[in-house]
Asker: 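What follows is a single structure, and I will ask about it in a moment.
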There are 2 protein chains.
Amino acid sequence: MTISKTNRLSLVEQVVSQIESLIESGEWKIGNQIPPEMDLIQQFDVSRNTLREAVRSLVYAGLLVTKQGKGTFVRSSSALGAAIERRIQQSSILETLEVRHALEREGAQLAALRRNQEDIEQLRFHISACSRAAEAKDIKAYEEADIQLHKSIMVSSHNDLLIDLYEHMEYSLHESIHQIVEMSSDVNFHLNIHCKLVDSIIEQDVNRAIETVNEYIAQFKKSLE
Amino acid sequence: MTISKTNRLSLVEQVVSQIESLIESGEWKIGNQIPPEMDLIQQFDVSRNTLREAVRSLVYAGLLVTKQGKGTFVRSSSALGAAIERRIQQSSILETLEVRHALEREGAQLAALRRNQEDIEQLRFHISACSRAAEAKDIKAYEEADIQLHKSIMVSSHNDLLIDLYEHMEYSLHESIHQIVEMSSDVNFHLNIHCKLVDSIIEQDVNRAIETVNEYIAQFKKSLE
DNA sequence: GGTTATTTGTTCGTATGTATC
DNA sequence: AGATACATACGAACAAATAAC
């Protein structure tokens, strides 16, 4: 028999599953403290060790954080972030940039196809924030605004999986964006090309949106050498 | 002080980290059984529960599997797979297909730029396997060959992060590929367009490679309606 | 500033379920 | 069927960090 019969779920797995549901459903909100171990032991009717193994699993996965003496808190609603962070740390900037290219190109294409009125407002808001920061020569504010802009482009794609992957990469991208912005001496070029991208998306010019993404990624790659 | 001082690593975290190293370094090979709990307790000099919490974390992350009565085995060297699988299960086929588009488009582009002689041989091998399976009208073999072909295209990109993301998605893609191949009544169209893609990569025609990927993804999207 | 209560961190002992030979 | 090796699960105790009084 090579049939991999699905073993009955262990107690720990059952508890993990229940906690996941509580987090996903929003019953346990992000940032909030969860009930102490003793309460959960009663709630789930398991021993302390079993409960701890379950909590520990979710800590490793990045859903929870425990602080000795204080309690346990909800950190995220998805395990993707932690896993991607770990993987990206082992990658070169070039590799990360190319994956970013993959996601942003697709995101821009879909955004140009699907953006609605609300998306347009968000895009305009964030591009003007970039513009203001550039004018004030506030590099830190510019980086933050740039990240928000890219995120809102992704949101305009209306593909939740794509948005999730990008948002969870974004944390790791922070560093590489910083390096890139610092290297590209010309902030205006950076700003202009983003204006062009936003414009393409609003005008629903799919090809121009894709080309623009290609253009600035190519620019980044060049500055990496 | 808003500085988030990095708390000293808990014992469990130290053990997790050590086990990760053992797996990454290849000292514990994939598929192999790891030493029993009692041995590890001595090796790491921790209590049973501490060790179990560490192992349990890595089981949840997908690095290890435990089988009661048999032992614990190494399942994977990366936590990405399990996390991506969980996330993709919550997504629609369309969303998954679009992310696949993102990765495959980038992969094809980079493959066309970087493929070496060894890559070319692999690509030729797998495309001919597809061809043989199509001729024999063996759908199951065709699907398998198709997956291997796509994987070898990704390998030709020489971007390990991209390869990892794709390979870990591939498992979840299996199902959607099956549905798509089944739906597309014309296997020859599917085969021809893949020949064109492989040809473009070998000829280093970057634009044609990208266009070909766009073409068959568009075809898949159409058949989803 | 010190004491106490709360909460997580860690250890030990014991019993049970499961697979292999 | 019995013995062995292994993971599963529970309960009790003490340590360490934090918060509240």
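Just so it is clear: chains get the letters A, B, ... in the order the sequence lines come, proteins before strands, and each one is counted from 1.
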Asker: Without hydrogens or angle criteria, can the side chains of A:Glu104 and A:Tyr166 be said to hold a donor-acceptor pair below 3.5 Å?
Answerer: yes
Asker: Count the heavy atoms belonging to other residues, nucleotides or ligands that lie under 6.0 Å from CD of B:Glu135, then report whether that count exceeds 12.
Answerer: no
Asker: Is any side-chain heavy atom of B:Phe73 less than 4.5 Å from a side-chain heavy atom of B:Ile30?
Answerer: no
Asker: Is B:Lys29 salt-bridged to B:Glu24, going by a charged N under 4.0 Å from an acidic O?
Answerer: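 Salt bridge: no.
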Asker: Is it the case that over 12 heavy atoms from other parts of the model lie below 6.0 angstrom from the CZ atom of A:Arg124?
Answerer: no
Asker: Any donor-acceptor pair under 3.5 Å joining the side chain of A:Gln68 to the base of C:dG9?
Answerer: no
Asker: Heavy atoms within less than 4.0 Å of DNA chain D: which residues of residues 28-36 of chain B have one? Give them sorted by number.
Answerer: B:Pro36
Asker: Using atom CG of A:Asp39 as one end and atom C1' of C:dT7 as the other, report the distance to the nearest whole Å.
Answerer: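 Atom CG in A:Asp39 sits about 11 Å away from atom C1' in C:dT7.
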Asker: Tell me whether B:Asp138 at atom CG has more than 12 heavy atoms from other residues, nucleotides or ligands lying less than 6.0 Å away.
Answerer: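 Correct, the count exceeds 12.
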Asker: Tell me whether the OP1 or OP2 atom of D:dA19 has a side-chain N or O from A:Lys70 closer than 4.0 Å.
Answerer: yes
Asker: May I ask you to test the A:Arg87-B:Asp160 pair for a side-chain heavy-atom distance under 4.5 Å?
Answerer: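 A:Arg87 reaches B:Asp160 side chain to side chain.
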Asker: Between C:dT18 atom C1' and B:Glu37 atom CD, what is the distance in whole Å?
Answerer: 14 Å
Asker: Atom CZ of B:Phe73 to atom P of D:dA5: distance rounded to whole Å?
Answerer: 16 Å
Asker: Enumerate the protein-to-nucleotides 10-12 of chain D contacts in which both atoms are nitrogen or oxygen and the separation is below 3.5 Å.
Answerer:
| unit_1 | atom_1 | unit_2 | atom_2 | d |
| --- | --- | --- | --- | --- |
| D:dC10 | OP2 | A:Ser47 | N | 3.2 |
| D:dC10 | OP2 | A:Ser47 | OG | 3.2 |
| D:dC10 | OP2 | A:Thr50 | OG1 | 2.5 |
| D:dC10 | N4 | A:Asn49 | ND2 | 3.1 |
| D:dG11 | O6 | A:Asn49 | ND2 | 2.5 |

Asker: Expressed in angstrom and rounded to an integer, what is the separation of A:Leu51 atom CG from C:dT8 atom P?
Answerer: 9 Å
Asker: Kindly say if A:Thr66 contacts the phosphate of C:dT7, meaning a side-chain N or O under 4.0 Å from OP1 or OP2.
Answerer: no
Asker: Atom CD of B:Gln14 to atom P of C:dT11: distance rounded to whole Å?
Answerer: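 Computing the B:Gln14:CD to C:dT11:P distance gives 10 Å.
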Asker: Quick check on C:dT8: is either OP1 or OP2 less than 4.0 Å from any side-chain nitrogen or oxygen of A:Thr72?
Answerer: yes
Asker: Does any residue of residues 52-60 of chain B have a heavy atom under 4.0 Å from DNA chain C, and if so, which ones, in number order?
Answerer: none
Asker: Measure from CG on B:Leu40 to P on D:dA5 and round the result to the nearest Å.
Answerer: 17 Å
